[in-house]
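In what follows, a structure is listed as C-alpha cells, so that the remarks can point back to it.
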Protein chains: 2
Amino acid sequence: MDVLSDNTIGSSSDKPVQERLLDAAEGLFCEHGFEGTSVRDIAAAAGCNIASVNYYFGGKEKLYLEVWRRHFNLMRQARIASIDRVMSKEGGEPSLEELLASYADAFVEPLVDKHTGGRFIKLMAREMVDRHLPQNIFLEEMIIPVMTALQQALIKICPGLSEVNARLAILSVVGQLVHTICAETMLEQSNYPEMPKFELAEVIRHIVKFSAAGIRACAEQKEDRVQKTEG
Amino acid sequence: MDVLSDNTIGSSSDKPVQERLLDAAEGLFCEHGFEGTSVRDIAAAAGCNIASVNYYFGGKEKLYLEVWRRHFNLMRQARIASIDRVMSKEGGEPSLEELLASYADAFVEPLVDKHTGGRFIKLMAREMVDRHLPQNIFLEEMIIPVMTALQQALIKICPGLSEVNARLAILSVVGQLVHTICAETMLEQSNYPEMPKFELAEVIRHIVKFSAAGIRACAEQKEDRVQKTEG
DNA sequence: AATCGTTTTAAACTTTCGTATGAAACGGAC
DNA sequence: GTCCGTTTCATACGAAAGTTTAAAACGATT
C-alpha cells in the first residue's frame, strides 16, 4: 500500500500537523477502512513522524473518532437544514417529491462534493457494517436527530402517515440511498463491462419518484384500506 | 477475542475437520469480518490445530473463498427459484406484490434460517463494502444472474417498465432489504432504548407495499407522463 | 547565550498476524 | 510387526501492527 504522496487536496506542509494528520487519516480510512490503514501509512501521507499520531491524538482509535467528529456536525446540520429549507418554504405546503429530492441531495452531497473528494460517505457505509466508533455515537449524533426531523416533516406532508409507517418509509429511502453508494463503490472497484454504470443524478431522480409513490401508498393504507391493487 | 467454545450449531467433533473449519470460519467471518478474525481463532473454534487451515485449504484467503462457495449456489438458486416459482404459478399472471414478497423472503431467508443462524447475510453486507473475494466473483456468481432473472420477471409483470427502470427498481428493492439487515445488525449491537426494534416480517410487508407502488409509478411514467402529482 | 517547554525524530518494544516446518501420532496394507 | 501415506501437533519464523521511549531539534523568553 505505497501511499507516499499526499492524497489530500491542499495539505502539503502549510497546514498544522494535526490537520494534515486528520486529512490523511480521513482519506486512508475512507479508502481502506479502519483496519486496512496503518498508523505508518497515515503518518507517511501526512508527511510527519509515526509518533505524531499518538502525540497529538493519543492513539489510532482517538484519531479515527476525531475524523468523524469533524463531519458529524456538518452532515447532521446539512441534512436537517435541507429538510427545514423545504418545509419552511413559502407558497403552501411543499410536495413530497420536493422534500425527498432535497434530502437525497443532502445525503449524497458528500459523495459529489469535490472538496472532500466524496470519500467520506464510503467510510459511513463501512462504519455501518464494521463498527469502530464508540457505542451509540453514530446513532445519537446522526441517525436519531436526522430521522426525527425527517419523520416529522413526512407526517406533516402526508397526514395519513402513521409514526411507525413514517419510520419504515425513512428506512426505505435511506436504504436506497446507502445502497446506491455501496453499489457505486463496488462497481468502481470491479471493472465489469456488462454492469451498467448509472449516473448518480439519474438514480436519485428514480429514488424520489419511487419513494414518493411508495410513501403515498403507505399513507393511503390508513384512510382507505379497501383499494389496494386498484391498477 | 476469547472464542474457545464452538459457536456453530452441531459441530463438536463428529463432523470432519474441513467442515468444522468451514463452519467455524463462517461464524467468525460473519461476526468479525475477514481481517477481524485470525486463523488462530478459527482453529480454536473448530477445535483443531492452527496448521489445519493451511493443510486443508492452503491459506486464510482460500478458506474464505470456500466459505463463500458453499453458499453461492444455494443462495442464487434460492433467489432464482423463488422468482420462477411465482412466475410459473398457474392461474394467470402473478401480482407484483406476490413477486416482491417471494423474492424478499428468499433474500432474507439466510437471516431468519436457524440452521445458519442468520450470520451469513452479515458477511454479504461486509463483502459489499470491504472486498476480499477475487475480483468480480460476487458479481458473476450472485448479482448478475439474480438481477437478470428478477429484471425479466418484473418486465413481464409490468409491461410499462423499461429495462433501465427495472434495474433501478431492483436497486431500490435490494437496497431496502440490505439496509434492513444492516440496521438490524446495527441495532442489535447497540442496546439503544429509544430506537424502535422492528419485526422483520413487518418490515418486509412494508417493503413489498412500498416497492410495488414505487415500481408502478416508474412503469406508468412510460405510458402517461402527465399526471405525476395527482394526489 | 542560556534555558525551558514543545515538537519532531529514529529506533525499539510488545503483540499479533499468516504461514512454514519437522516431528509425532494415526491407520490400514502387507 | 513393519511400513508408508495421511493427519495432527507444538513450535518457530518473518512481517507488520500499535505504541513507547529517549534523545535531538526547535522556538520563544529571559
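Chain naming here is simple, since letters A, B, ... match the order of the sequence lines and numbering starts at 1 in each. Since the structure is predicted, the reported quantities are computational estimates derived from the model, not experimental observations.
Residue order along DNA chain C, read from the 5' end via each residue's closest nucleotide, puts A:C48 first among B:E61 and A:C48. When the nearest nucleotides of DNA chain D are assigned to B:I50 and B:Q18 by heavy-atom distance, the more 5′-ward of the two goes with B:Q18.
The side-chain tip of B:K60 points at the ring of B:F34 from less than 6.0 angstrom away and within 45° of straight on.
Using a 4.0 Å heavy-atom cutoff across all strands shown, A:V17 reaches sugar-phosphate atoms only and no base atom. Residue B:Y56 is classed as a sugar-phosphate contact, given heavy-atom separations below 4.0 Å to backbone atoms only.
The CD atom of A:E35 sits 13 Å away from the C1' atom of C:dT16 (whole-angstrom rounding). In this entry the distance linking CZ of B:R20 with P of D:dT7 reads 14 Å, nearest Å. Rounding to whole angstrom units, NE2 of residue A:H132 and P of D:dG18 are separated by 12 Å. For the pair A:K62 NZ and D:dG18 P, the computed distance is 15 Å after rounding to whole Å. The CG atom of B:L63 sits 11 Å away from the P atom of C:dG18 (whole-angstrom rounding). Atom NZ in B:K60 sits about 17 Å away from atom C1' in C:dA20, given to the nearest Å. Rounded to an integer number of Å, the gap from CD1 of B:I42 to P of C:dG18 is 7 Å. The CG-C1' distance, from B:N54 to D:dT6, rounds to 17 Å in whole Å.
No salt bridge links A:K122 with A:E184; every basic N to acidic carboxylate O contact stays at or beyond 4.0 Å. Taking a cutoff of 4.0 Å between a charged side-chain nitrogen and a carboxylate oxygen, B:D105 and B:R79 do not qualify as a salt bridge.
Over its length, the helix from C:dA1-D:dT30 to C:dC30-D:dG1 turns its helix axis by 20°, as judged from the five terminal pairs at each end, rounded to 10°.
For A:Y55, no side-chain nitrogen or oxygen approaches OP1 or OP2 of C:dT6 to under 4.0 Å. Remark: B:N49 is in phosphate contact with D:dA10, judged by side-chain N or O atoms under 4.0 Å from OP1 or OP2.
Counting only heavy atoms from C-beta on, A:R40 has its side chain closest to D:dT19 among C:dA20, C:dT6, D:dT19.
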Query - A:Y55 vs A:N49, side chain to side chain contact (heavy atoms under 4.5 Å, CB included): CA-CA, chis, key distance, verdict - result: CA-CA 10 Å; A:Y55 180 77; A:N49 195 268; over 6 Å; no
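B:Y64 and B:F29 have perpendicular rings, their planes meeting at more than 60° on a 0 to 90° scale where under 30° would count as parallel.
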